[in-house]
Amino acid sequence: MSNRESRDKAAAGPLTANVMTQSPVSRIARRTRGQSHGPITRLMSPSDFGHFLKPFVFLDLFDLQGKPFTDSGLHPHSGIATLTYVAEGSVSYQDTNGAKGLLPACGLEWMRAGGGVWHGGGSGEPGRTRGFQLWIALPPELELGPSESVYLSPEDIPHDGPACVLIGSYGTATSTIKAPSPMNYLAVHLKAGERWSYQPPAGHTVLWTAVGTGSVAVPDKLQHGQLVTFRPSSAAIEFKAESDAEFVLGSAVPHDYDLVLGSHSVHTSTEALREALARISAIQTRLIQQDTL
């Protein structure tokens with residue numbers, strides 16, 4: 001072997017080693033800490049991340065401490081479904097479908113507003129109350145349909161390993177809530193050092209996660225209060241908990257419709273919004289007559 005060949009071979013060794021030890025390429029497209037208003041942080045709205053992540057259009061992270069609170073009372077929605085997941089504490093609820101009660105930790109409220117519904121509530125027992133509220137835009141065939149409310153206790157929410165399946169399917173677990181369009185929404189709990197991976201189903205090009213407590217690496221570090229969106233890929237996302245961590249993750253087939261906004265509503269057209277507002281007003285009149293408002 002010539003001196004030149006020896007030098008070339010020696011040079012090739014370290015180069016190959018460097019390539020083999022490179023970190024995985026980041027798939028994060030965008031990240032945010034949202035906007036905080038007291039104990040509530042809006043991580044996503046239709047004017048920002050919700051525009052890219054529809055059908056997921058709003059996401060609030062709430063974290064309250066101290067005495068129980070009550071909100072301003074019943075308020076309307078239409079054209080969306082809301083899913084409230086209680087990670088800690090408890091939340092009271094009531095709606096114009098006749099439901100009223102207390103949602104415990106690791107329970108969820110599913111409210112498909114359709115053409116119009118009113119609901120409300122607040123925290124339950126004293127102490128810390130935290131979790132996420134998600135808004136999902138409905139497709140045209142459901143946005144003016146009948147409303148539906150479902151309240152699930154922790155034992156009614158299916159699990160696969162560390163993942164609670166709030167809507168959709170993952171592994172061996174499938175939610176009893178019928179998704180309005182193809183999507184998954186999971187709540188995941190990991191201990192420090194634990195690893196977990198998520199394989200997006202075919203067609204789920206919308207993919208995001210938000211961290212409720214602790215921190216995880218994907219391989220970029222994500223901390224409490226952050227939401228990130230991922231670039232579409234057929235490869236799984238690998239999570240490693242750098243401390244005890246809880247996070248939610250959503251994936252879906254894109255919602256290929258406009259977002260037409262009302263004060264508490266999201267629709268696909270101005271005509272649908274106009275009809276829903278008329279229905280909301282009719283419900284309000286009835287509630288006033290019943291001395292509920």
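Proximity of K178 to E148: side-chain heavy atoms (C-beta onward) are nowhere separated by under 4.5 Å. Within the 4.5 Å cutoff, side-chain heavy atoms of L166 are placed close to those of I157. Residues F58 and R42 are in side-chain contact: their nearest non-hydrogen atoms beyond the backbone lie under 4.5 Å apart. The shortest side-chain heavy-atom distance between H119 and T82 falls under the 4.5 Å cut-off. Side chains of V211 and Q223 form no contact here, defined as non-hydrogen atoms less than 4.5 Å apart. Side-chain contact between L61 and D63 is absent, with no heavy-atom pair separated by less than 4.5 Å. T96 has its side chain out of reach of T292: every pair of non-hydrogen atoms, C-beta onward, lies at least 4.5 Å apart. Residues F132 and L83 have side chains not in contact (no heavy-atom distance under 4.5 Å, counting atoms from C-beta outward).
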Side-chain polar contacts of residues 231-247 - donor-acceptor pairs under 3.5 angstrom, sequence neighbours left out - could you list them?
unit_1, atom_1, unit_2, atom_2, d
R231, NH1, S26, O, 3.4
R231, NH1, I28, O, 2.9
R231, NH2, I28, O, 3.4
S233, OG, A235, N, 3.0
S243, OG, S215, N, 3.2
D244, OD1, A192, N, 2.9
E246, OE1, R130, NH1, 2.9
E246, OE1, R130, NH2, 3.0
E246, OE2, R130, NH2, 3.2

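In terms of heavy-atom proximity, L103 sits nearest to E109 at CD2-N, 3.5 Å. Listed here is the closest heavy atom pair of L186 and A163: CD1-CB, 4.5 Å. Between H159 and P154 the shortest heavy-atom distance is CE1-O, 4.3 Å. T41 and S36 make their closest contact through OG1-OG, 2.8 Å (heavy atoms, listed as atom of the first residue, atom of the second, distance). Considering all non-hydrogen atoms of both residues, P55 and M183 come closest at CG-CE, 3.8 Å. Across all their heavy atoms, P180 and W110 have their closest contact at CD-CH2, 3.8 Å.
Here CD1 of I167 is found 15.0 Å from OH of Y85. Values are rounded to the nearest 0.5 Å. Atom CE of M44 sits about 7.5 Å away from atom CZ of F56, to the nearest 0.5 Å. Atom-to-atom distance recorded for L261:CG and T270:OG1 is 12.0 Å, nearest 0.5 angstrom. In this structure, T209 OG1 and R31 CZ are separated by 11.5 Å, a value rounded to the nearest 0.5 Å. Once rounded to the nearest 0.5 Å, the distance linking NE2 of H264 with CG of L277 reads 11.5 Å. Here NZ of K54 is found 12.0 Å from OG of S181. Values are rounded to the nearest 0.5 Å.
The aromatic rings of W135 and H77 stand perpendicular to each other, their planes meeting at an angle above 60°, with 30° marking the opposite boundary. Using bins of under 30°, 30° to 60° and over 60° for the plane-to-plane angle, the ring pair Y170/W196 lands in the tilted bin.
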Q. Where do L152 and I177 land on the side chain to side chain contact (heavy atoms under 4.5 Å, CB included) test, with the steps shown first?
A. CA-CA 9 Å; L152 296 182; I177 296 171; 4.0 Å; yes
Q: Step by step, work out the side chain to side chain contact (heavy atoms under 4.5 Å, CB included) result for D48 and T32.
A: CA-CA 10 Å; D48 47 56; T32 183; over 6 Å; no
Q: Please lay out, stage by stage, how H267 and L144 fare under the test side chain to side chain contact (heavy atoms under 4.5 Å, CB included).
A: CA-CA 9 Å; H267 284 273; L144 292 174; 4.0 Å; yes
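Under a hydrophobic clustering in which Ile, Leu, Val, Met, Phe, Trp and Tyr are joined whenever their side-chain heavy atoms come within less than 4.5 Å, directly or via other members, V266 and L138 fall into different clusters. Tracing side-chain contacts under 4.5 Å through hydrophobic residues (I, L, V, M, F, W, Y), one reaches V248 starting from V150; they form part of the same cluster. Cluster membership check: V218 shares its hydrophobic cluster with L190, using side-chain heavy-atom separations under 4.5 Å among Ile, Leu, Val, Met, Phe, Trp and Tyr.
Checked by atom type, the side-chain pair T176/D156 shows no donor-acceptor distance below 3.5 Å. S251 and Y198 form a side-chain donor-acceptor contact under 3.5 Å, judged by distance and modelled atom types alone.
In terms of modelled atom types and a separation under 3.5 Å, the side chain of N184 and the main chain of S169 share a donor-acceptor contact. D95 places a side-chain N or O within 3.5 Å of a backbone atom of N97 that can act as its donor or acceptor partner.
No more than 12 heavy atoms of other residues, nucleotides or ligands shown are found within 6.0 angstrom of CD on Q35. More than 12 non-hydrogen atoms from other residues, nucleotides or ligands lie less than 6.0 angstrom from CZ of R286.
Among residue pairs with one or both ends in residues 257-282, those qualifying as salt bridge (Lys or Arg N to Asp or Glu O under 4.0 Å) are E275-R279; sequence neighbours excluded.
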